[in-house]
K.L.:
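Pasting in a structure now, in structure tokens, and then I'll have a few things to ask.
Chain letters run A, B, ... following the sequence lines, proteins first and then strands; every chain starts at 1. The shown structure was predicted, so the numbers you read here are calculated from the model rather than taken from an experiment.
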2 protein chains.
Amino acid sequence: MLKTERSSGERSALRSPRAATVYRALLDAILDHRLAPGTRLPEDEIGAVYGASRTLVRSALEALSHEGVVHIEPNRGAMVAHPTVHEARSVFEARQLIEPRVAAAAAGRAGEKDIATLAASVEAEHAALHAGEHRRAIVLSGTFHIAIADIAGQPVYAGFVRELVARSSLIISLYWRRREATCGSPAHGTLIAALATQDGPRAAAVMEEHIADLVGGLDLVEREARPASLADLLVG
Amino acid sequence: MLKTERSSGERSALRSPRAATVYRALLDAILDHRLAPGTRLPEDEIGAVYGASRTLVRSALEALSHEGVVHIEPNRGAMVAHPTVHEARSVFEARQLIEPRVAAAAAGRAGEKDIATLAASVEAEHAALHAGEHRRAIVLSGTFHIAIADIAGQPVYAGFVRELVARSSLIISLYWRRREATCGSPAHGTLIAALATQDGPRAAAVMEEHIADLVGGLDLVEREARPASLADLLVG
DNA sequence: TATGCGCAGATCGTATACGATCCCGTTCTT
DNA sequence: AAGAACGGGATCGTATACGATCTGCGCATA
């Protein structure tokens with residue numbers, strides 16, 4: 001992977017490379033939908049899997065919780081986050097505001113090499129789709145959005161987009177409605193075209209529509225899913 | 001169905017209340033400009049000051065680093081973040097995009113009680129200003145922005161605004177140019193008026209101008225850091 | 001049979017110990 | 001005298017130990 005500049009969105013690099021490994025492994029597993037929302041994440045168990053001590057695992061879990069993909073309850077432990085409908089709406093509302101702006105900024109800065117990288121990413125995404133590797137395609141689709149944010153050269157946006165994409169992955173796994181070849185939309189390709197021609201406004205428009213389309217694929221209605229604690233119901 | 005959901009912006013509450021105490025104390029000290037950007041934050045020393053073990057201090061520092069107000073370098077330790085000019089621009093770019101939208105959303109939801117709370121906050125801010133307590137006024141100004149984001153009821157935005165406001169505080173301490181009664185602008189009052197009349201577009205416009213005004217007060221040219229002795233600042 | 005108590009087992013919270021790394025002042029070499 | 005090698009002190013990185021808390025299950029009891 002080419003790093004154009006210091007990977008701008010890279011949130012707080014975990015101080016230790018070993019903790020970072022656990023962090024990435026868990027994040028990948030979550031983005032991949034190998035770990036479903038609500039899955040418990042006991043420190044010991046994770047440590048055993050990755051050969052790390054609880055100290056490192058804990059550090060990784062805390063980092064993930066800061067990004068909203070893991071939920072930690074005191075004295076109860078960590079679990080894969082389980083976004084509510086309200087949170088889901090909030091995430092996509094933010095994406096709809098931020099990402100078009102990011103796309104416009106990226107259009108003004110994308111070099112040939114950037115475009116090539118993006119194209120390769122889309123290529124990989126399509127390949128994964130045709131191979132039936134849906135989960136992998138979703139992950140790649142996410143990295144595409146992150147790559148654009150990195151190109152935009154705005155570290156704050158890059159961090160936000162990273163977080164939003166990760167949370168979106170959880171939301172999709174909970175609330176996605178269309179089962180068929182969902183992400184088959186040509187939006188990413190269209191986006192690259194706009195970026196390649198430095199057409200900021202068009203890039204923004206395409207991005208906006210693309211995300212609106214994503215939202216359209218969601219079924220944002222609360223499922224029973226979680227055993228909404230009795231207390232909540234009684235007090236509410 | 002407006003259930004008093006947990007303060008929406010409250011990022012991952014640190015699991016332990018004791019770590020949270022350290023976290024808040026440090027954050028307050030930073031927002032207050034008692035700890036200047038670049039100040040080193042050795043785990044032992046902080047632990048001694050607050051009577052906490054390194055474990056807890058470390059947890060607090062990591063949380064702060066996730067919010068971008070503390071910078072951690074592997075094997076080197078933590079220091080108060082020292083935003084570059086580029087980062088500073090990026091932070092305010094994001095604020096300029098996000099906060100008007102947040103203000104508009106808040107306008108649609110602000111109840112009487114919310115307005116009263118905001119008014120009290122502005123009151124306190126002015127009081128602090130007149131009492132010459134500039135630092136306190138800046139902090140209150142920040143909480144005002146955060147309060148609006150909480151009213152908007154969008155948890156994602158609330159978290160972002162929290163982070164942006166905190167980072168802005170650092171930026172201001174590094175790059176603020178006008179020395180005189182800076183925040184004396186009536187913007188906050190005007191904003192409340194717009195919110196009280198549910199005038200979303202106007203709230204957005206006021207907010208946008210307000211932040212543009214803030215940016216205008218910045219002198220975004222690189223300077224260099226200054227060190228300080230720690231224990232004194234923390235106790236003060 | 002239904003209810004409540006109490007005891008494991010699992011898991012987390014926290015402190016602390018020990019080794020690793022880095023910084024910086026000192027000394028040795030040329 | 002300038003530069004390199006070296007060592008001491010400070011600080012961090014990591015593992016682990018021990019106590020606290022929670023959960024679930026079995027048993028006593030009505």
K.L.:
For B:Leu14 and B:Ala60, which heavy atoms make the closest approach, and how far apart are they?
P.N.:
CD1-CA, 4.2 Å
K.L.:
Apply side-chain contact (heavy atoms from CB on, under 4.5 Å) to B:Ala78 and list each qualifying residue two or more places apart in sequence or on a separate chain.
P.N.:
B:Leu41, B:Leu61, B:Val70, B:Ile72
K.L.:
Indicate yes or no for a side-chain donor-acceptor contact from A:His71 to the backbone of A:Pro83 under 3.5 Å, with no hydrogens or angles considered.
P.N.:
no
K.L.:
Along nucleotides 8-19 of chain D, 5' to 3', which nucleotides get a B, which get an S, and which get a -, given that the test is a protein heavy-atom distance under 4.0 Å?
P.N.:
----BBBBBB--
K.L.:
Over 60° means perpendicular and under 30° means parallel, so classify the ring planes of B:His145 and B:His188, tilted if in between.
P.N.:
perpendicular
K.L.:
Which pair of heavy atoms, one from A:Phe92 and one from A:Ile211, lies closest together, and at what distance?
P.N.:
CD2-CG2, 4.2 Å
